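Input: a single structure, listed below in structure tokens.
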Amino acid sequence: MAGNLRIARNATFLYAHTVINMVVGFFTVGIMLDALGVDDYGLQAVAGSGIALFGFIVAVLSTSTSRFIAYELGRGDAVRTNLTFCTALILFSGLALVMAVVAETAGMWILHHKLNVPAGRMGAAEFIIHASAVSSLITLPQAPYTAVLMAREKFGVTSVCNISGTLAKLVILLFVRESGYDHLILYTALMTALSLATTLILRFYCIRRFPEARFRAVFSREQLRPMIKFSFWELFGSMSRTLKDTVYPMAVNIFHGVALNAAIGIGTTLSGAVTGMAFTLVSAFKPAMVKQYAADRIDEMKSSITNATLLSMMLYGMFAMPLLVELEYVMGLWLGTIPPLAIEVCAIQLVVNTLVMAYFVPAEALKSMGHNKGINIMQCAGGAVTVCLVWIVLALGASPIWACVVFECGLLVSLTVTIILVRRHLGSRFIRSLIMRPVGAVMITDAVIFLLLLPLPRLLGHSMVTLITVCTLSVILFSLAAILWVLPASGREALRSYLRSRIGNIIPSKVNAQA
């Protein structure tokens with residue numbers, strides 16, 4: 001019960017982080033454009049792309065390192081945990097130096113010989129390159145400390161820091177907008193200082209709280225080999241997904257122009273926000289699954305996989321079903337003028353992702369067990385085949401909607417192959433139970449609740465009141481479905497016992513107060 005409460009608390013922190021960043025980020029883009037101006041905004045995006053690259057690399061390396069630190073924590077070996085941390089810190093510090101040299105040499109050469117820099121802004125562009133080099137020295141060595149926080153499941157600490165960083169960025173932009181200094185240089189300097197401050201705070205916290213985060217001049221080649229192998233396949237998978245998501249809109253653009261690109265971009269943004277909210281829950285389960293596997297508590301790990309799959313799919317359905325019912329109204333409220341095919345593309349993505357949500361947790365379970373090679377190769381191969389099929393469909397003159405269907409259904413291939421890989425490691429019986437209980441039960445629940453909500457806009461009309469009503473009913477119906485039949489018997493009984501105990505504690509206090 002304590003483990004479930006910890007996971008629930010971590011998920012709450014992650015949701016708060018996601019929602020606040022999403023809302024603040026919506027306003028930040030406009031303020032940033034106003035503060036920097038169009039030319040400096042574009043210059044910052046191009047010359048500062050190295051900073052975004054560092055952030056991408058740090059995210060992947062932190063996740064990979066977190067897996068090995070959580071594994072050693074699960075085994076209860078403090079010495080090997082610290083050895084893993086020290087090895088990773090030395091590795092990433094060396095990588096940071098390499099990145100800084102690349103930024104100051106290759107980055108400067110590209111800036112002066114290849115990029116189109118507005119007249120009089122070369123000095124500002126050079127300053128951004130220098131800031132990219134400094135950022136590499138700050139952010140890359142931070143990856144092992146972030147990995148310790150993830151392995152220790154201190155999502156509250158990371159969420160508070162990320163939210164504070166987002167709000168601080170907003171304050172920086174407001175200050176820059178009113179400042180008389182060079183806006184681009186001032187913004188870059190303040191953002192670099194913010195990155196340094198955040199890094200120092202997190203490092204101080206880790207060193208004070210966790211013994212494994214105290215650096216010693218030790219390095220283990222034995223620990224290094226599996227870490228590099230795991231990180232390589234994670235980077236490979238991330239880059240292959242990025243390449244697939246880049247080639248797909250290029251193919252669509254060649255055959256149908258920017259109008260369909262706009263429709264796909266809008267649909268992906270809206271459906272991706274719902275998927276991201278549900279995937280947040282999976283992040284809360286990942287460290288626990290690694291520790292359970294390391295301690296050879298396989299039955300507990302299977303239970304975590306089942307619970308995470310069920311809860312993430314239920315949460316996705318809770319948001320996706322009302323969005324499907326009121327999709328046209330929501331898009332009109334958001335955009336004003338809806339691009340052609342945007343509604344259809346988004347609806348396809350929402351429907352397919354209803355089933356694809358079952359893919360995320362088993363894929364993360366494979367990575368928890370250290371078997372990430374097959375899953376990443378499969379994603380690369382599946383992405384290549386999917387993009388080729390999309391190109392063929394478009395070349396044959398089919399409706400662009402069919403190209404979108406082919407691309408989205410390619411994700412179902414990833415789901416199928418993932419299930420096969422999980423069956424190889426956890427057995428056919430577990431896969432059958434996973435498909436029957438979480439996947440099958442939630443899919444039926446999604447369909448029933450969608451059909452119940454569908455007539456409401458026709459009866460009440462499209463309005464904000466109708467949207468709030470549909471969303472409220474979705475939450476109530478999904479909650480009732482979870483309590484009555486979707487959750488396994490043990491989970492339903494535990495939830496009922498918890499609710500009875502809470503209600504029992506509240507009612508007597510009220511009775512005594514009245515007496």
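All values derive from a computational prediction rather than experimental measurement. Only heavy atoms go into these numbers, but all of them, side chains included; no hydrogens, no water, no symmetry mates.
- Rounded to the nearest 0.5 angstrom, Asp446 CG and Met357 CE are separated by 10.5 Å.
- When all heavy atoms are compared, the tightest approach of Ile69 to Pro144 is CD1-O, 4.2 Å.
- Leu389 meets the side chain to side chain contact (heavy atoms under 4.5 Å, CB included) test with Val385, Val406; sequence neighbours excluded.
- Each salt bridge (charged side-chain N to carboxylate O under 4.0 Å, His left out) pair with one or both residues in residues 366-390, not counting sequence neighbours, appears once here: Glu234-Lys367, Glu364-Lys367.
- Between Leu366 atom CG and Ile305 atom CD1 the span is 8.0 Å, to the nearest 0.5 Å.
- Surrounding CZ of Arg214 are more than 12 heavy atoms belonging to other residues, nucleotides or ligands, all under 6.0 Å away.
- Contacts classified as salt bridge (charged side-chain N to carboxylate O under 4.0 Å, His left out) and involving residues 196-210 (residues at least two apart or in different chains) are not found.
- Side-chain contact check for Cys206 versus Arg152: every heavy-atom pair is 4.5 Å or farther apart.
- Side chains of Phe285 and Leu311 form a contact here, defined as non-hydrogen atoms less than 4.5 Å apart.
- At most 12 heavy atoms of other shown residues, nucleotides or ligands fall within 6.0 angstrom of atom CZ in Phe204.
- Judged by distance alone, the side chains of Thr84 and Glu72 never bring a donor and an acceptor atom under 3.5 Å apart.
- Between Leu355 and Leu415, the closest side-chain pair of non-hydrogen atoms falls below 4.5 Å.
- Residues passing the ring-ring contact (aromatic ring centres under 6.0 Å, His included) test with Tyr316, sequence neighbours excluded: none.
- With values rounded to the nearest 0.5 angstrom, Gln142 atom CD is found 10.5 Å from Leu196 atom CG.
- With respect to Met321, the side-chain contact (heavy atoms from CB on, under 4.5 Å) criterion is satisfied by exactly one of Thr354, Val470, Leu473: Thr354.
- Contact record, Pro438 with Met313: O-SD, 4.4 Å, taken as the closest heavy-atom pair.
- A search for side chain to side chain contact (heavy atoms under 4.5 Å, CB included) contacts involving Thr416 returns Ile420, not counting sequence neighbours.
- Cys346 approaches Leu327 most closely through the heavy-atom pair SG-CD1, 3.9 Å.
- Checked by atom type and distance alone, the side chain of Ser136 pairs as donor or acceptor with a backbone atom of Ala133 at under 3.5 Å.
- Side-chain contact between Glu212 and Leu73: present, with at least one pair of heavy atoms (C-beta onward) separated by less than 4.5 Å.
- The ring-ring contact (aromatic ring centres under 6.0 Å, His included) test applied to Phe155 returns no partner, not counting sequence neighbours.
- Between Phe85 and Phe215, a ring centre-to-centre spacing not shorter than 6.0 Å is recorded.
- Taking Phe236 as the reference, Trp233 meet the ring-ring contact (aromatic ring centres under 6.0 Å, His included) condition, with sequence neighbours excluded.
- Remark: Cys388 engages no residue in a side chain to side chain contact (heavy atoms under 4.5 Å, CB included) (not counting sequence neighbours).
- Sequence neighbours left out, the pairs with a member in residues 346-379 that pass ring-ring contact (aromatic ring centres under 6.0 Å, His included) are Phe279-Phe360, His371-His425.
- Residues Cys161 and Leu202 come closest through the heavy atom pair SG-CD2, 3.4 Å.
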### Query
Do Arg423 and Arg432 pass the side-chain contact (heavy atoms from CB on, under 4.5 Å) test, and can you show the C-alpha distance, the side-chain angles, and the key distance before you say yes or no?
CA-CA 9 Å; Arg423 181 179 65 84; Arg432 286 195 297 269; over 6 Å; no
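- Two residues are said to be in side-chain contact when any heavy atoms from C-beta on lie closer than 4.5 Å; Glu408 and Asn353 meet this criterion.
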- Message: Evaluate Asn162 against Ile20 for side-chain contact (heavy atoms from CB on, under 4.5 Å), listing each step before the verdict.
- Response: CA-CA 10 Å; Asn162 286 329; Ile20 292 174; over 6 Å; no
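- Partners of Arg216 by side-chain hydrogen bond (donor to acceptor under 3.5 Å, both in side chains), not counting sequence neighbours, listed by chain and number: Asn82.
- Residues Leu224 and Leu91 meet the side-chain proximity criterion, which asks for heavy atoms closer than 4.5 Å.
- In this structure the side chain of Val422 reaches within 4.5 angstrom of the side chain of Ile431, judged on heavy atoms.
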Exercise. Might you work through the side-chain contact (heavy atoms from CB on, under 4.5 Å) test for Thr309 and Leu434, ending with a clear yes or no?
Key: CA-CA 8 Å; Thr309 302; Leu434 188 69; 4.1 Å; yes
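- Between Ala365 and Met301, the shortest heavy-atom distance links the atoms O-CE, 3.7 Å.
- A distance of 8.0 Å separates OG1 in Thr158 from CE in Met150, rounded to the nearest 0.5 Å.
- Between the side chain of Ser303 and the backbone N or O of Asp299 there is no donor-acceptor pair closer than 3.5 Å.
- Scored by the side chain to side chain contact (heavy atoms under 4.5 Å, CB included) test, Thr445 finds Ile449, Phe478, Ala481, Trp485, Val486 as partners (sequence neighbours excluded).
- With rounding to the nearest 0.5 angstrom, the CG atom of Leu324 is 10.5 Å from the CG atom of Leu453.
- The side-chain tip of Arg67 points at the ring of Tyr71 from less than 6.0 angstrom away and within 45° of straight on.
- Using modelled atom types, no side-chain atom of Lys169 and backbone atom of Ser164 make a donor-acceptor pair closer than 3.5 Å.
- For Phe68, the ring-ring contact (aromatic ring centres under 6.0 Å, His included) partners at least two apart in sequence or on another chain are Phe230.
- Taking each heavy atom of Ala213 and Ile207 in turn, the nearest pair found is O-CG1, 3.7 Å.
- Here the CZ atom belonging to Phe319 is positioned 11.5 Å from the OG1 atom belonging to Thr275, to the nearest 0.5 angstrom.
- Between Gln223 and Arg80 there is a side-chain heavy-atom pair separated by less than 4.5 Å.
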- Message: Could you go through Thr146 and Thr65, starting from their C-alpha distance and side-chain angles, then the distance that decides it, and tell me whether this counts as side-chain contact (heavy atoms from CB on, under 4.5 Å)?
- Response: CA-CA 9 Å; Thr146 304; Thr65 307; over 6 Å; no
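- In terms of modelled atom types and a separation under 3.5 Å, the side chain of Ser474 and the main chain of Met318 share a donor-acceptor contact.
- No donor-acceptor distance shorter than 3.5 angstrom exists from the side chain of Ser93 to the backbone of Pro141, with no hydrogens or angles considered.
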